[in-house]
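Scroll down for the structure; my scribbles are underneath it.
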Amino acid sequence: MKGPAKGNLMTKRCIAVIGSGTATEEESRNALEVGREIARRGAVLVCGGLTGVMEAAAKGAKEMGGLTLGIIPGEDPSSANPYIDIVIPSGLGIARNVLVVSSGQAVIAVGGKLGTLSEIAIAFVIKRPVVGLGTWQIEKARSGGNEIIFARDAKEAVEKALEVIEGKSA
């Protein structure tokens, strides 16, 4: 038996988008554009599947014909936002943050509150690159030498995420 078919989900680039479930208007606009750009670039959008930044990013990806995967904290698939193609009902509560972050080859943090901060910390621990768009400022010395790669806008955030996935310098 041969390896996975070209274009199979296992060969697609996956970018996790994290941010608050109660996003500001600016965060929602940024997340919508991040989702659109992820889809334009042919990557899969992975998120927590609920509201706020997650919903805006998934909506943007769907507007551009992209594929979305939502790892929700509960067990009821119907709690996912309407823009999620593949719902994974984890039943893990906020512990699902580990699954969201580890499912992306890179992470884009849009704004965010403490849940987002925890996901950034998880990404640092498991060595996932984090691109930030209006998110937490974390001192390199306090983050174990990890740092957030900051972007000015959604297009640059996705470009930087893809660069680190492809092994190029961000």
Practice item. Verify the cluster assignment for Val101 and Ile86: are they in a single hydrophobic cluster under the rule of side-chain heavy atoms below 4.5 Å apart? Key: yes
Check your understanding: In the single-linkage hydrophobic clustering (I, L, V, M, F, W, Y; side-chain heavy atoms under 4.5 Å), do Val87 and Val17 co-cluster?
Key -> no
Review point. Which atom pair, heavy atoms only, marks the closest approach of Val130 to Phe124?
Key: CG2-CE2, 4.0 Å
Revision key, fill the gap. side-chain hydrogen bond (donor to acceptor under 3.5 Å, both in side chains) filter on Gln137, not counting sequence neighbours, yields none
Point to revise | Criterion side chain to side chain contact (heavy atoms under 4.5 Å, CB included) on Phe150 and Thr135, from CA distance to verdict | key: CA-CA 9 Å; Phe150 286 98; Thr135 195; 4.1 Å; yes
Practice item. Assess whether side chain to side chain contact (heavy atoms under 4.5 Å, CB included) is satisfied between Leu99 and Ile88, documenting all intermediate values. Key: CA-CA 10 Å; Leu99 298 176; Ile88 299 177; 5.8 Å; no
Study note, to complete from the structure: So CG of Leu133 and CD of Glu27: to nearest 0.5 Å the spacing works out to 9.0 Å
Please output the side-chain donor-acceptor pairs of residues 115-122 that fall under 3.5 Å, not counting sequence neighbours, one pair per line with the distance.
residue	atom	partner	partner atom	Å
Ser118	OG	Asn97	ND2	3.2
Ser118	OG	Gly115	O	2.6

Practice item. Provide the full list of salt bridge (charged side-chain N to carboxylate O under 4.0 Å, His left out) pairs with a residue in residues 85-111, sequence neighbours left out, each pair given once. Key: Lys62-Asp85
Check your understanding: Is it true that atom CD1 of Ile126 has more than 12 heavy atoms of other residues, nucleotides or ligands lying nearer than 6.0 Å?
Key -> yes
**Study point:** Non-hydrogen atoms of Val34 and Ile108 that approach each other most closely
**Key:** CG1-CD1, 4.0 Å
Study note, to complete from the structure: salt bridge (charged side-chain N to carboxylate O under 4.0 Å, His left out) filter on Glu26, not counting sequence neighbours, yields none
Review point. Considering residues at least two apart in sequence or located in another chain, which fulfil the side-chain hydrogen bond (donor to acceptor under 3.5 Å, both in side chains) criterion with Arg128?
Key: none
**Study point:** Contact check, side chains of Val107 and Ile18, non-hydrogen atoms, under 4.5 Å
**Key:** yes
Check your understanding: Do Leu32 and Ile84 share a hydrophobic cluster, counting only Ile, Leu, Val, Met, Phe, Trp and Tyr and linking them when any side-chain heavy atoms are less than 4.5 Å apart?
Key -> no
Point to revise | Residue list, side-chain hydrogen bond (donor to acceptor under 3.5 Å, both in side chains) with Gln105, at least two apart or on another chain | key: none
Could you pull out all donor-acceptor pairs under 3.5 Å where a side-chain atom in residues 38-56 meets a protein atom, sequence neighbours excluded?
residue	atom	partner	partner atom	Å
Arg40	NH1	Glu37	OE1	2.8
Arg41	NH1	Glu159	OE1	2.4
Thr51	OG1	Gly21	O	2.8

Review point. If you take all heavy atoms of Pro77 and Ile72, which pair is closest and at what distance?
Key: CA-CD1, 3.9 Å
Revision key, fill the gap. Residues Ile71 and Ser90: closest non-hydrogen pair is CG2-CB, 4.2 Å
Study note, to complete from the structure: Residue set satisfying side-chain hydrogen bond (donor to acceptor under 3.5 Å, both in side chains) with Thr22, at least two apart, ordered chain then number -> Ser20, Lys113
**Study point:** Results of salt bridge (charged side-chain N to carboxylate O under 4.0 Å, His left out) for Glu75 - residues two or more places apart only
**Key:** none
Exercise for review: Flag yes if Val110 and Leu162 sit in one hydrophobic cluster, no otherwise; membership is Ile, Leu, Val, Met, Phe, Trp, Tyr, and two members link when side-chain heavy atoms are under 4.5 Å apart.
Suggested key: yes
Review point. Can you name the nearest heavy-atom pair linking Ala161 to Val131, along with the distance?
Key: N-CG2, 3.8 Å
Review point. Can you name the closest pair of heavy atoms from Lys160 and Ala151 and give their distance?
Key: CD-CB, 4.4 Å
Check your understanding: Heavy atoms, side chains only, cut-off 4.5 Å: are Ile165 and Ile15 in contact?
Key -> yes
Check your understanding: In chain order, what residues pass the salt bridge (charged side-chain N to carboxylate O under 4.0 Å, His left out) check against Glu33, with sequence neighbours excluded?
Key -> Arg36
